[in-house]
Amino acid sequence: MAAPLELSCWGGGWGLPSVHSESLVVMAYAKFSGAPLKINVIDHTWRGSRGDVPVLTTEDSVVSQPAKILNFLRKQKYNADCELSAKQGADTLAYIALLEEKLLPAVLHTFWVENDNYFTVTKPWFASRIPFPLSLILPGRMSRGALNRILLTRGEPPLYHIREVEAQIYRDAKECLNLLSHRLGTSQFFFGDTPSTLDAYVFGFLAPLYKVRFPKVHLQEHLKQLSNLCRLCDDILNSYFRHGPADG
């Protein structure tokens, strides 16, 4: 019998199985590939010290970071990309790199740096799931980590002020969303009628942006004008997560 696969991740809200993009990427890929994950949702009994999830645990391995977890699952014969051509595989890598460079900074900014969103939505949500006294410390640490990650993707010195790159972050993100919408077109998924790694990444990055109710919604408004990307998120939620946990 295969060793059990356990995924520790942030939980759900607003109709999503997780509000955390990188947790969602892994959860979606597991659904697409048929990997039998046992989901351990972080709650107030959590014993971790940092917010570095998702983490996949087996009898003899601990794997973190979405790309490494997906590679591990592929080695276990859970492959959502087995029907893809070499060209489609190369396109997948290129689009994931584009998402991480152009879209992720804006997603992180929307959740963790935009003051109104952070103090009214993000911080209370995460703090309510973290045990005291970590709940007083970890959200702020995660916010600073997100800010540092944004500035690193911009290639700017660490002391560069976020306000000076905010406008460019959102311009890049909107351009990325437009490219994704154009690439998807009228197809059900990015490479036809079966979801693959690229669909898992796009869903993971877009679904929280699409569904979480924020006071500041400039990127959300742009996404909602791209009906095929919203339809992709809704289809994946309805087809793969209808009975999954969602609270909030």
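From Met27, atom CE reaches atom SG of Cys9 across 4.5 Å, with rounding to the nearest 0.5 Å. Rounding to the nearest 0.5 Å gives a distance of 5.0 Å between CZ of Phe190 and CG of Leu198. The distance from the OG atom of Ser61 to the CD atom of Gln76 is 7.5 Å, given to the nearest 0.5 Å. Atom CG of Asp81 is separated from atom CZ of Arg74 by 5.5 Å, given to the nearest 0.5 angstrom. In this structure, CG in Leu98 is found 10.0 Å from CD in Glu100, a value given to the nearest 0.5 Å.
The backbone N or O of Gln188 sits less than 3.5 Å from a side-chain atom of Arg231, completing a donor-acceptor pair. Judged purely by atom type and a 3.5 angstrom limit, Tyr29 uses its side chain to pair as donor or acceptor with the backbone of Ala80. With hydrogens and angles disregarded, no donor-acceptor distance shorter than 3.5 Å links the side chain of Thr58 to the backbone of Leu5. With Asp199 contributing its side chain and Ser196 its backbone, the two residues share a donor-acceptor pair below 3.5 Å. A donor-acceptor distance shorter than 3.5 angstrom exists from the side chain of Ser143 to the backbone of Trp112, with no hydrogens or angles considered. Judged by distance alone, with hydrogens and angles left aside, the side-chain atoms of Arg129 form no donor-acceptor pair with the main-chain N or O of Trp10 at under 3.5 Å.
Contact annotation: the side chain of Ile69 approaches that of Pro54 to within less than 4.5 Å [non-hydrogen atoms, C-beta and beyond]. Proximity of Tyr201 to Leu70: side-chain heavy atoms (C-beta onward) are separated by under 4.5 Å at one or more points. For the pair Asp116/Phe214, no side-chain contact is recorded, criterion being any heavy-atom separation below 4.5 Å from C-beta on. Inter-residue side-chain proximity for Thr197 and Phe32 is flagged as unmet; no heavy-atom pair is nearer than 4.5 Å. In this structure the side chain of Thr122 never reaches within 4.5 angstrom of the side chain of Val212, judged on heavy atoms. In this structure, the side chains of Ser85 and Phe191 stay at 4.5 Å or more apart for every pair of heavy atoms. Put simply, the side chain of Ile130 does not reach to within 4.5 Å of the side chain of Ile137, judged on heavy atoms.
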Next item on the list: Begin from the C-alpha positions of Lys211 and Asp234 and carry the test side chain to side chain contact (heavy atoms under 4.5 Å, CB included) through to its verdict.
Entry: CA-CA 10 Å; Lys211 294 292 188 179; Asp234 286 330; 3.0 Å; yes

Next item on the list: List the steps, then state whether side chain to side chain contact (heavy atoms under 4.5 Å, CB included) holds for Phe203 with Tyr240.
Entry: CA-CA 12 Å; Phe203 172 72; Tyr240 294 95; over 6 Å; no

Note to self: Please evaluate residues Val113 and Leu108 with respect to the criterion side chain to side chain contact (heavy atoms under 4.5 Å, CB included), reporting the C-alpha separation (whole Å), side-chain torsions for both, the decisive distance (0.1 Å), and the verdict.
What the structure shows: CA-CA 7 Å; Val113 181; Leu108 292 172; 5.9 Å; no

Note to self: I'd like to know whether His222 forms a side chain to side chain contact (heavy atoms under 4.5 Å, CB included) with Asn178, so could you lay out the CA-CA distance, the side-chain angles of the two residues, the decisive distance to 0.1 Å, and finally the verdict.
What the structure shows: CA-CA 9 Å; His222 186 79; Asn178 292 342; 2.9 Å; yes

Next item on the list: Could you go through the salt bridge (charged side-chain N to carboxylate O under 4.0 Å, His left out) check for Arg149 and Glu22 one step at a time?
Entry: CA-CA 14 Å; Arg149 196 166 168 184; Glu22 292 180 332; 2.7 Å; yes

Next item on the list: Output, in order, the C-alpha distance, side-chain angles, deciding distance and verdict of ring-ring contact (aromatic ring centres under 6.0 Å, His included) for Trp125 and Phe111.
Entry: CA-CA 11 Å; Trp125 190 94; Phe111 271 82; 9.1 Å; no

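Counting all heavy atoms, side chain and backbone alike, Tyr210 lies closest to Cys233 at CD2-CB, 3.8 Å.
Checked by atom type, the side-chain pair Ser181/Asn228 shows a donor-acceptor distance below 3.5 Å. Remark: the Thr110 side chain and the Tyr170 side chain contain an N/O donor-acceptor pair separated by less than 3.5 Å. Side-chain N/O atoms of His109 and Asn117 include no donor and acceptor closer than 3.5 Å.
Connection of Phe119 to Leu147 is established within a shared hydrophobic cluster, with ILVMFWY side chains joined at heavy-atom distances below 4.5 Å, either directly or through further cluster members.
Enclosure of atom CD in Gln168 by more than 12 non-hydrogen atoms of other residues, nucleotides or ligands within 6.0 angstrom is indicated. More than 12 heavy atoms of other residues, nucleotides or ligands lie within 6.0 Å of CG in Asn238, so this atom counts as buried by the packing criterion.
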